[in-house]
Amino acid sequence: MKPLGPIPAGYDAIDGVLAVGGKPVTHWVEQAGGTPLFLYSADLVGTRVAELRAAMPERLALHYAMKANPFPPLLTLMAGLVDGFDIASGGELEMAAKAGLPLDRVSFAGPGKRDGELEAAIRAGVTLNLESEGEAARAIAIGEKTGVTPRLAIRVNPDFDLKGSGMKMGGGAKPFGVDAERVPALVRTVLASGAEWRGFHIFAGSQALDAEAIAGTQAQTLALAGRLAEESGATLPHCNLGGGLGIPYFPGDTPADLALVGERLAEQFAKLPDVLAGTAFCMELGRYLVGEAGVYLARIVDRKVSHGEVFLVTDGGLHHQLAASGNFGTVVRRNYPSAIATRFDAPVEEEASIVGCLCTPLDKLADKGGFPRADVGDLAVVFCAGAYGASASPAAFLGQGPAMELLV
Ligand SMILES: *Cc1c(COP(=O)(O)O)cnc(C)c1O
């Protein structure tokens, strides 16, 4: 039997069935009109944000990185919980506008912004996190052409990365941000252009569980911001410290020690250099805010045995949950937390693989896990499905189409 990832806190059973938002998931499946279904819990998102705020210094604002999950009702919920949003495309800008998010509290990072996207963002009053000198020149020219003062920050490619992070976004040659040593010259160009100077965006990595590593990276980030501001001869109105906080997905993963990260950051804030004394700071997080608050439910449509192995074949699959299948940025496939939702408190009775309905051997949601005996009609559940699920999976593959989504 292969181990399964740890089921996040906050989930229990009602009459043997996994419950979300105080009701068994069978209730929500009926309400949604069937499966496959992504189910997101507003309570769990709210609890997560409250815990984070309690642990972090008050001076730290919280932004939501929309690419983790742009489901419109979730964006509306987040608008009441966080202080700002980070977008990474013109499409996300449209979704943000449609959801009624306050666009003056939105920042736009990401390489390869097209002129049309830059113009839409500038007109909307969104802060651009500039990824290169070329992008800066285009943004400034668009500002002049439209007569709208662009709000410009510089994304810095730091000269370090976040140790132990699942995804490194800084250190060495990167398509993201401007190499640290070229930043002061670009700051002076931005200031001279008459644009509204917004400060730095420094994102060193994400999906880390090691609190010491996260705290160490934040200290390096603040030191770098101070040094670059000093060299640029400009104070920073704002500094986005990036993200980093990950969630446990795999067997043996444990949550990051949030209290330690918060204490260390408070210590850092207490000894900031003069050039950062008036700076507003934020962290931008995606999966940490919403990942564990979502589950993916698929109906078992076939139960088969092949060469002695049990396969629970569902109506879902990697076209909705690419990451759980191990095909979204992992080298070795490991099991996400998963279970039989309709037998949630039953003991383990057999080894089985939960697979999807796609005609490819990659379509595996759980490989040889220990589960209660499940039959056709039961619901399989994959946890940690609130981030990088629906919007980060190839829903059009094999003509399957998207899953349903519900926020409760
Ligand atoms: C993807 C991304 C995030 C969010 O990362 P998570 O791991 O979901 O927290 C934040 N900021 C930037 C710039 C990103 O590219």
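As the structure is a prediction and not an experimental result, all values here were calculated from the model. Each ligand, and each atom within it, is numbered from 1 in the order the structure gives. Because only heavy atoms are used, hydrogens play no part in the values below, and waters and symmetry mates are left out as well, while side chains stay in.
- Annotation: Phe85 is not in aromatic contact with His63 [ring centroid separation under 6.0 Å not met].
- Under the 4.0 angstrom criterion for non-hydrogen atoms, Gly286 is in contact with ligand 1.
- Near Ala65, with a cut-off below 4.0 Å to any heavy atom, the atoms of ligand 1 are 3 (C), 4 (C), 10 (C).
- Taking every heavy atom of both residues into account, Lys113 and Leu128 meet most closely at CD-CD2, 4.3 Å.
- Judged as a side chain to side chain donor-acceptor pair (under 3.5 Å), and not counting sequence neighbours, Asp104 has no contacts.
- Listed by atom number, the atoms of ligand 1 under 4.0 Å from Ser206 heavy atoms are 7 (O).
- For the residue pair Tyr64/Glu284, the side-chain donor-acceptor check at 3.5 Å is not satisfied.
- Numbered from 1 in the order shown, with element, the atoms of ligand 1 that lie under 4.0 Å from a heavy atom of His201 read 13 (C).
- Partners of Arg105 under the side chain to side chain donor-acceptor pair (under 3.5 Å) rule, at least two apart in sequence or in another chain, do not exist in this structure.
- The shortest separation from a heavy atom of Tyr388 to ligand 1 is under 4.0 Å, placing the residue in contact.
- In terms of polar-atom proximity, defined here as any N/O pair under 3.5 Å, Arg155 makes no such contact with ligand 1.
- A heavy-atom separation below 4.0 Å is not found between Tyr288 and ligand 1.
- A donor-acceptor pair under 3.5 Å is absent between the side-chain atoms of Ser107 and the main chain of Thr127, judged by distance alone.
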